[in-house]
Amino acid sequence: MAVALPAVVEELLSEMATAVKESARIPDEHLLSLKFIFGSSAIQALDLVDRQSITLISSPSGRHVYQVLGSSGKTYTCLASCHYCSCPAFAFSVLRKGDSLLCKHLLAIYLSQVMRTCQQLSVSDKQLTDLLLIEKKQEA
Amino acid sequence: MPRGGRIHSHKRKRNGGIEYPSFPEEKPLQCRTGLRTVGTAASLSKAWLKCGEGFQDTPGTQSLTTGKVTLTEKDLELAPRPKKETTTSKNTSEPTDITWSSSGSDLSDEDKTLSKSQRDELQFIDWEIDSDREDASEYNEWEDCKSAVEISDCASCASSHSVTNDERLSELPKPIFAEILEYSSDSHKEDDSENVLFIDSESPHKYHMEYGSDARQVTDRLSNSRLKSETVLGTPQKQTAKFPRTPENSGKKKKLLRGGLAERLTRLQNRERSAISLWRHQHVSYQKTISGTKSGVLTVKILELHEECTMQVAMCEQLVGSPAAIPSRGVATGPGTNLKVLFTQETACYLRGCPQDVIHIFPPWQKLIIPNGGCPIILNTYFCQKVFAKEDSETSHKLYCHDVLLPRRNITLAQMFKIKNLSNNSPESQVVYRDLATTGKDWTNGPEKAKQHFTDESPFSDSLLDVVESQGASPWSGVGVQVMVQRVYSLPGRDGTGSQQESSSGHADPPEPRVCLLVQDAYGMFGEVYLEVAMLKGKQLEGKSCRLAGMKVLQKTTRGRTPGLFSLIDTIWHPAIPLKSPRPGQPCEEVKTHLPPPSFCYILSAHPNLGQIDMIEGDPISKLYQPPVLLCLRDILQTDNLGARCSFHARVIYQRPQLKSLLLLAQREIWLLVTDITLQTKDGNDHHLPKILPVCVTPLCVLGLEILEALSVAAPHSILFRDALRDQGQIVCVERTVLLLQKPFGCVASGAGSCELTGPVILDELDSLTPVNSICSVQGTVVGVDENTAFSWPTCDWCGNGRLEQRPEDGGTFFCGDCSKLITSPVLKRHLQVFLDCPSRPQCNVKVKLLQGSISSLLRFAACEDGTYEVKSVLGKEVGLLSCFVHSITTHPTNFIGLEEIEILSAGGTSAEGQRLPLDL
C-alpha cells in the first residue's frame, strides 16, 4: 500500500504556495501543520528561509544545485532533483535510519520555493563543476 | 530612600508568591478515589478547552500544564465494556454529546456488574508516566478500591441527554479505559518525569523577539512568564525542570530572525501551548480559519496502522465528529468516511493504538484534503484519547504487555515534492524564477495583511488577546477592541522612574505623568493603556465601556515584572458578571467567575494621532466594572490582606514634610497621618489598632494638582485614597493609587454610614508599639534640656518675621524688613529640646523638640527678665499631652525616641487646643 506522508507534505506545500500566491501570507495552521510533520526541523527550516540562506545555482547546461547556508555557517549543497543534501543529518536521519523525510536544508529549499524567496545565481558550467568537485573533496 | 527600597522589595517578593485559589469547578478532576465516569473525562476535556490556568493546586490535575499537555491520569477513566461492536448509523448528531454526555447514572448498573473485570484489566495497564508522581499509597488506594461501582457524577454529564444516551451507549463501544495523551512536538523529549511535566522546554529560548523590545529583555520576560506558569501549576519538579539541557535546547540559543516565519511559528506554538491560550480556547481561532473543524471532537476507529518515518499513519473510519462537509473543498466527510490520521511519535507512544481501537481526537486537529483520490488526512492530533473497543480482555492484556511493532513503510528516496501553484505556466517546474525571487519578503505578516485578515471578520473585536495576536507589535490599523475601563490613573512619566533624574542634575523638570486606563475585555483579559492627556478630554471613562482603536502593544507584562499592576488586577479580578466564553455553543456558566486572575497583561499605548477612545453606552460588559470598595480604616487594618489594594476615605490630620512648593511635594515621599471615625472610636477589643494611621505617599503615586494644592496648605483634608497598597503594617500609596479630594460618584461605601470624622482627634499615647513616622501624644517630666541645640531669636511682634536686622545706630533696636519698621518689643522665640521621663516608656530616652507655645508655657515662671532661664528651674516640670511626630526610634546603643511636637490640623484650621494642653504646672 502506498505511503501517505509524501503526499501529505506535497499537498501541504502546495497549499502553502497557493496561500502565498493568493494572499502573500502563510496561514497559521499551515505553519502548525509543518511543525506537526517535521517537528523541530520546521522551525529551523523556516529560520533558514527567513534568513534567505538558500541559493539556487544554475548553469547554462541546465544543471542546478542548491546551496544552503546552515546555521553553523557551513554551506551544504543540496540536489533537490534527486533529494539529496550533504549535511550529516541527512545521511543519518534520512538515509540510514529513515526517520525523517527531509533534513532541514531540503525542507528549507522547498519552503523557499513556496515563499519564492530563493536566491538565484547563474554560473558557468565550469564553475558549477568546480563547485561540485570542491564539495566532493571536502567530503573526502 | 532606604525605607522605600525596603518596602518595595517586600512588595515584590510577596506578589511574586501569590498563591492562587483552586478552581472549584475542577474538583472532579482530582478523581483520586476512583471516579469512574465518562463524565469525568467530559469535564476534563471541557476544562482543557476552557481554562488552562485553572489546573493548579489540585494534585490530580498537575499534569495539565501550560503547554496544552495532558498526561495520563491513571485513575481517570473507567467505564463498562462494550456490549457490541460499533454501528454508526445513528451517530450523526453532535459528536461531542455522543462522546461525552453519557452520564454516570446511565452506566452505574453496568459498572456494578463489570467492576471486577475492570479491575482485572487495569492490573495490566502500564502507568509508566504516573509512576513517578503518584506515591504508592495512592496507588494502593486506587487498586484496592472496592467501590468501583461508585459513580461520582459530575456536572458536565448532560443529564438532559439521558434518554438518547441509552441508545447511544448500546451502539457505541463503551469506553473502558481512556488515556489522555500528551502533546509534545519536541521529538527529542525523553520520558523522564521532568520532561513530562515540563512541556515546552525549548520554548523559553526561542522567543527572543516579541513585540519589538530588546531581545534579552523579552527573553527574560518570557522566562518570567514561564516560571510564573510553573509556579501556578505547582508541579514539584518545576525547579529542576526549568531548563533541561537537552541537545536541542543548547542549540536553541540562536536567535530567530525577527518578523520571520520561524519566529511566527514559535509564537504560534507558544500561543498554542501557553496556559492562557488554553483558557482562551485558542482553537476557536482555528475554527474560524479552517473549514471542517467545526465540531470539536473527532471520533475515529482505527482500521490499519503503519509507520512512516517517525510518524504513525492510521487508516481510520470516521465514526462521529465533523458532520459538516467541507464545502469549500467539495469533499464531503462524515461518519463512515475513511480518514488517514497522522500521529507524532510521542502521541503514538502514549496512545498505543491498534486496529479496531476507537480514538477521540480533540481540537486543534486539522484536515488536509489530498486531491486525486487520497482520503483526507488528519493532522495536529496532539490530543487523542483512546476508547477501547476490544471485547477480549486477553487481547488488551497483550496489547499492554507488548509493544506492538508496526509495519514500517519506507519512503523511496526518489520522492520529490512537486509544489503546485508555484507558477502558472509550469506546475512541474522546480525552478524558481528570477523575478519571483525579487519579491523578497513581501509575504511576511505586515500590518496591512493582518488588517485585511482581521477586518474580514469584524472591525471591532471583543477580545483584546485576539487583536493583540493579530496585530503583533505593529500599530493597530483599522481594528479596535471593546473594553471596559476599570480604572483611570496616572503613572510617572517615562523617565520619571527615578534613575535618570537622580543621575542627572537633579533639577530636571519631572516628565509629564501619563494617563493610563486599566481596561478589561469581555473575556476578562486586562490591558493597561497609556494615553495622551488630551485624549481623555475630560471624559469620565471609568466604569464605561469603550472602543479602543489606534493602539500599539508596548509589551506583555507579567506578575513578576509589574507586581504593582497585578496587585490592582487581583483586587479588581473577581468578575462581577460571568466572563464571555470564547467557545461558541458553550454555555456561559461554563466560564465561572472563580477563574484565577490572569498571569499577564498587555501594555498598550495610544497613537498620538490615531488613538481613539469612544464610549459605548449600554454595553453589557460595563457590568464588569468593579468600583473601588471603600472600607473603613478599622476594617482595612483588621483584614490581613497584605499586597492587596484598598480604598478608603480618611481625614489627614498631619503631613510630613510640610512643603509649600508643589513641585517638591510631587517629587518627595510624603507621610500623611490619617484617621477616620472607626479608628478614633475603637473599643477595647482592638487595642492593637492605632488611632492614627501613617500613610506613605511614594513619588510613584502621581498626585493631581488639586491634591497637591490641598497638601501645600496647612489645613485638614478629607481625602479619598483609591487603590492604595496594603503593605506590612502600613498603607502605601504607590503607582496606580489615586488620591482624590471629593468622593466621586460610583464608589461603593461598604458598611453602614460614613466613616467621616466628626469630633476632635484623639492620639495614641506613646508606648512601646508606637512606630516611627507616626504621631502620638506624650506626657512626662522634664529631666533634661538639650543645651547644645537651644537657642533663641527675636521676631517681629507684628508679622512674626524672624529675620530682623539689628541697627547699632538706633541703639541696637531691631528692624523688620517686611514691615519696614522698628521693633520696639521683639518677641523672643526659642528652639528648645527637652528630655522627658515618660511613664509610658520608662526605660527610654525621650527627646522632644517643643513648639513655641509649649516653650513659653514651660518657661513662664522660669525665665528671667532678659530672656534667659535656669535649666534647673525647668527640670522636674511636668509637660503633658503634647502631640508629637515620631522622628526616630532607636534601640541601640540606648533606647531613644526622637519626637517633634506638632500641631494637629483640625477642622477649624487651628491647632487642636483640646489635645495640646499647654503645661501642667
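Computed from a prediction, not measured in an experiment: that's the story for all the values here. Just so it is clear: chains get the letters A, B, ... in the order the sequence lines come, proteins before strands, and each one is counted from 1.
- Considering only residues two or more places apart in sequence or on other chains, B/Thr310 meets the side chain to side chain donor-acceptor pair (under 3.5 Å) condition with none of them.
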(request) Report the C-alpha distance between B/Leu261 and A/Met115 in whole Å, list the side-chain angles of each, state the deciding distance to 0.1 Å, and finish with yes or no for side chain to side chain contact (heavy atoms under 4.5 Å, CB included). (result) CA-CA 10 Å; B/Leu261 283 175; A/Met115 319 297 184; 3.0 Å; yes
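- Between A/Glu15 and B/Leu368 there is a side-chain heavy-atom pair separated by less than 4.5 Å.
- For B/Leu379, the parts sitting under 4.5 Å from any heavy atom of chain A are the backbone and the side chain alike.
- Atom CZ of A/Phe38 is separated from atom OG1 of B/Thr344 by 14.0 Å, given to the nearest 0.5 angstrom.
- Without hydrogens or angle criteria, B/Gln366 side chain to A/Ser33 main chain gives no donor-acceptor distance under 3.5 Å.
- Taking 4.5 Å as the limit, some side-chain heavy atom of B/Arg264 sits within range of a side-chain heavy atom of A/Asp28.
- Contact of A/Ile37 with chain B is made through backbone and side chain together, with heavy-atom distances under 4.5 Å.
- A distance of 7.0 Å separates CD of B/Gln345 from CG of A/Asp99, quoted to the nearest 0.5 Å.
- At a threshold of 4.5 Å between non-hydrogen side-chain atoms, the residues B/Leu342 and A/Leu5 count as touching.
- A donor-acceptor distance shorter than 3.5 angstrom exists from the side chain of A/Asp50 to the backbone of B/Ala262, with no hydrogens or angles considered.
- Separation of atoms CD (A/Glu11) and CD1 (B/Ile369) is listed at 8.5 Å; rounding is to 0.5 Å.
- A heavy-atom distance below 4.5 Å is found between the side chains of A/Leu101 and B/Cys309.
- Of all non-hydrogen atoms in B/Glu308 and A/Ala4, the two that sit nearest each other are OE2-N, 2.7 Å.
- Here B/Glu307 pairs with nothing under the side chain to side chain donor-acceptor pair (under 3.5 Å) rule; sequence neighbours left out.
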